[in-house]
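Throughout, protein chains are lettered first and strands after them, A, B, ... in sequence-line order, and every chain is numbered starting at 1.
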Amino acid sequence: MPIDILMPALSPTMEEGTLSKWLKNEGDAVKSGDVIAEIETDKATMEVEAVDEGVIGKLLVAAGTENVKVNTKIAVLLEEGESADSISADAPKADADTPAATSDAAGGKAREASEETPAAAKVPAQPKLEVAADPDIPAGTEMVMTTVREALRDAMAEEMRRDGDVFVMGEEVAEYQGAYKITQGLLQEFGDRRVIDTPITEHGFAGVGVGAAMAGLKPIVEFMTFNFAMQAIDQIINSAAKTLYMSGGQMGAPIVFRGPNGAAARVGAQHSQDYASWYSQIPGLKVVMPYTAADAKGLLKAAIRDPNPVVFLENEILYGQSFEVPKMDDFVLPIGKARIHRKGKDVTVVSFGIGMTYATKAVAELEKEGIDVELIDLRTLRPMDLPTVIESVKKTGRLVTVEEGYPQNSVGTEIATRVMQQAFDYLDAPILTIAGKDVPMPYAANLEKLALPTVDEVVQAVKTVCYK
Amino acid sequence: MAPAKTASTSGRRSAAKSANKSVSKSAPKEFTGKNTPDFGKDDELHAYREMLLIRRFEEKAGQLYGMGFIGGFCHLYIGQEAVVVGMQMAQKEGDQVITAYRDHGHMLAAGMSPRGVMAELTGRQGGLSKGKGGSMHMFSKEKHFYGGHGIVGAQVSLGTGLAFANSYRGNDSVSVAYFGDGAANQGQVYESFNMAALWKLPIIYIVENNRYAMGTSTARATAQANYSMRGVGFGIPGVQVDGMDVRAVRAAAEEALEHCRSGKGPIILEMLTYRYRGHSMSDPAKYRSKEEVQKIRSEQDPIEQVRQRILDGGWATEDDLKAIDKDIRDIVSDSADFAQNDPEPDASELYTDILL
């Protein structure tokens, strides 16, 4: 039997990549371990090694092909005595077998990530929501499709060009170009004085960053993930957030703590926690959690300029997603201001960060059923733009919140409490809060999917509050 | 109190000071911690005055605590005065200081106002943090004092960050980070040592070894009780210093500062010292004998040592010293009066200074 060589996944969240180069030709003999091809994603370039011994029978995907989905058959390896004639011709259609395409349409990680590949056969394309214009972007501004990853990098680079006191430190931020390639190219432009690789020392380097900020520098501290920042949370809260108050206003810490937060895909309980509600409880911090690339860029620039400590919660699954970003010399968004993602009149949905991926899909489905949702992207969790939420609720009388974090003491329950206190008379239904399940994140694919919110849960919740 | 390797306090005069002046031209010397003190009349009188201010101030703070004017935690520095005074005598403008919660002495030595410190202890609006910080949390940008931290060991990483800022800016300031023998067992201390050594940051790590981490003696809490050796694994030199002798402290400080300023990276000074009072005001100190405390007070008191040398050297008479004492008492009384009469912060201050 000929052996199929499949497009490999380079990371838990990779869905597709570019087959940049073949290093073997048809007819070449290969041994296991031989490098046969190079593949590339926006994050990394990797070599594909042969796992079996044989002769390359056929190369099914040409070098230079982009958007090759994981698990697509890219070549066929012949064992001794086999001939290339035995290879069936149906191979290139393999993309329908990708895990992304076969994943539960109800939601889950694989589906979220598939937003990068709207053409995927069985997955409905990213809904064409009529996105409301951001009043902070001048009308007529040219928009450029940009990934969240590039937007974050551009924000840092622009601010580092602007202010010599801004520097970035963290694990693998310099020579490795960022564990998730967010700091790509910064070392080359700014040198190792301002782009600093640290040892694996979260508690220590968070403290070093805060100390440098107290001395007047403006550090950007990257955590490889916020899960690791739990080791550093004392410095973030006790040193960074509280010093201004404890010093009677004399000394603060102009610092940004940033990195991916929340669940990625299949990385288990210790690498999958959402800290939105943890940090957003702390006076003295600002907490930003963007969804779109434009917000990521505009708000990160604002965070770097902010004289206060800012916790900037990103998401690994969003890094590769593209959004329109205004082409402006200096695009800075106000921290603490929600954005109405879609205007509507029947019901208010409030979400932020990765939660918006569930919300946008749910809103599109609900639209088909005639429910007109007003979708608010909070963008900043602290200070929270509650007035925008209240205004919307006064109009719709109904509210659903969506987030990935744990349900107890969640951002959603906080919003529900405050809306209940400040807009009780306007409510026509109990507020429903959609969150992750009250369990550590499981590894098994099916359980992980169950642990996260789903688009269907959001749809059902909206229908419930609309009594439909 | 009799370590094998203690910075010498013999009366030998040497070229310590003149060597300092020429150091920028010649190759920097190796750190030995055995710089010979060059401590004259003016130094002795200055040290006497500074240490006495801390002693009297702390005694008064203890009284005010007993009277209910000071609340919460109050950690007194009595017995350890020579450490901070000796260090401060060697530092220059721009060198930063950061410490933990036993911080009143550090602030007074840094030149922060006794009224401001005392009024902070009583939680009044004229306190250095407007009454919002308390005993453990005061800061002064002007005096380069970066707190005042209540989490054991956190100030070590923060102090390393101050040194990072010096290095980033390319100035020649040195960060002086104090911590106790208790904090020396915290993980982030070693994370900081590693980065400071890796990046050759200008920082002096000062372990104020007063023998007890709250109620736990060093013997019961630490596998390597010679804290000066705690940097060995990182290539950070260290030395034990007689922290009860202000001359030895200043001499070690001069050498350590020179080491840092010459770009050789961090250094550790273990100050062998002793606190006379409990860990905090609420600590009855049952973990040690009265005799132990009494022995050190009578044989090694840092202020008494200076006083004796001043009298022996004929640099001042008993009457001169009494005049200094009175002057200090007046300053301390004034600070206490201020701290008791100054109003509490306005209620509106509750919501200020949270964000800029």
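- The greatest number of non-hydrogen atom pairs below 4.5 Å with chain B, out of A:N238, A:D165, A:D234, A:L217, is found for A:L217.
- The contact between A:Q235 and chain B is made entirely by side chain atoms (from C-beta outward), counting heavy-atom distances below 4.5 Å.
- Taking chain A as the reference chain and counting heavy-atom pairs below 4.5 Å, the highest number among B:K130, B:R169, B:E142 is found for B:R169.
- Comparing A:G249, A:A206, A:A215 by how many heavy-atom pairs each has under 4.5 Å with chain B, the most go to A:A215.
- In terms of the ring-ring contact (aromatic ring centres under 6.0 Å, His included) criterion, B:Y65 has no residue partners (sequence neighbours excluded).
- With no hydrogens or angles considered, a side-chain donor-acceptor pair links B:E208 and B:Y77 at under 3.5 Å.
- Close approach to chain A, defined as a heavy atom under 4.5 Å from one of its heavy atoms, is seen in B:E349, B:L350 of residues 336-350 of chain B, taken by number.
- No side-chain donor-acceptor contact under 3.5 Å links A:T225 and A:Y180.
- Salt-bridge check for A:R379 with A:D134: passed, with a basic side-chain N closer than 4.0 Å to an acidic carboxylate O.
- Under the rule for a side-chain hydrogen bond (donor to acceptor under 3.5 Å, both in side chains), the partners of A:D330 that lie at least two apart in sequence or sit in another chain are A:K301, A:R305.
- Heavy-atom distances place no part of B:S175 under 4.5 Å from chain A, backbone and side chain included.
- Most heavy-atom pairs under 4.5 Å with chain A: of the set B:V189, B:L128, B:I151, this distinction falls to B:I151.
- Proximity of A:Q422 to A:L386: side-chain heavy atoms (C-beta onward) are separated by under 4.5 Å at one or more points.
- Of the charged side-chain nitrogens involved, none lies within less than 4.0 Å of a carboxylate oxygen, so that A:E158 and A:R161 do not count as a salt-bridged pair.
- With B:S262 contributing its side chain and B:H259 its backbone, the two residues share a donor-acceptor pair below 3.5 Å.
- Ranking B:T160, B:L162, B:N194 against chain A, the residue ahead of the rest is B:L162, based on heavy-atom pairs under 4.5 Å.
- Listed in order of number, the residues of residues 195-205 of chain A that approach chain B to under 4.5 Å between heavy atoms are A:I196, A:D197, A:T198, A:P199, A:T201, A:E202, A:H203, A:G204, A:F205.
- Nearest heavy-atom pair, A:Q250 versus B:F139, reported as atom, atom and distance to 0.1 Å: NE2-O, 2.9 Å.
- Put simply, of B:M195, B:Q155, B:H149, B:M138, the one with the most heavy-atom pairs under 4.5 Å next to chain A is B:M195.
- In summary, A:R339 and A:D136 do not engage in a salt bridge, as defined by a charged side-chain N under 4.0 Å from a carboxylate O.
- If you measure heavy-atom distances from B:F193 to chain A, you find no contacts under 4.5 Å at all.
- Heavy-atom distances place the side chain of B:L198, and not its backbone, under 4.5 Å from chain A.
- Less than 6.0 angstrom separates the ring centroid of B:Y178 from the ring centroid of B:H106.
- Among B:G159, B:S140, B:G147, B:G134, the residue with the largest count of heavy-atom pairs under 4.5 Å with chain A is B:S140.
- Using a 30° and 60° split on the angle between ring planes, A:Y275 and A:Y279 fall in the tilted class, from 30° to 60°.
- The greatest number of non-hydrogen atom pairs below 4.5 Å with chain A, out of B:G161, B:G187, B:A163, is found for B:G161.
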Item to check | Step-by-step side-chain contact (heavy atoms from CB on, under 4.5 Å) determination, B:V97 to B:Q91 | outcome: CA-CA 10 Å; B:V97 172; B:Q91 287 161 220; 3.4 Å; yes

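- Proximity to chain B involves both the backbone and the side chain of A:S247, based on heavy atoms less than 4.5 angstrom apart.
- Between A:F167 and B:Y168, the ring planes lie tilted relative to each other; the angle falls in the 30° to 60° range.
- Outside the 6.0 Å centre-distance limit, the rings of A:F257 and A:F226 are not counted as a close aromatic pair.
- Nearest heavy atom pair, residue B:S173 against residue B:N166, reads O-ND2, 3.1 Å.
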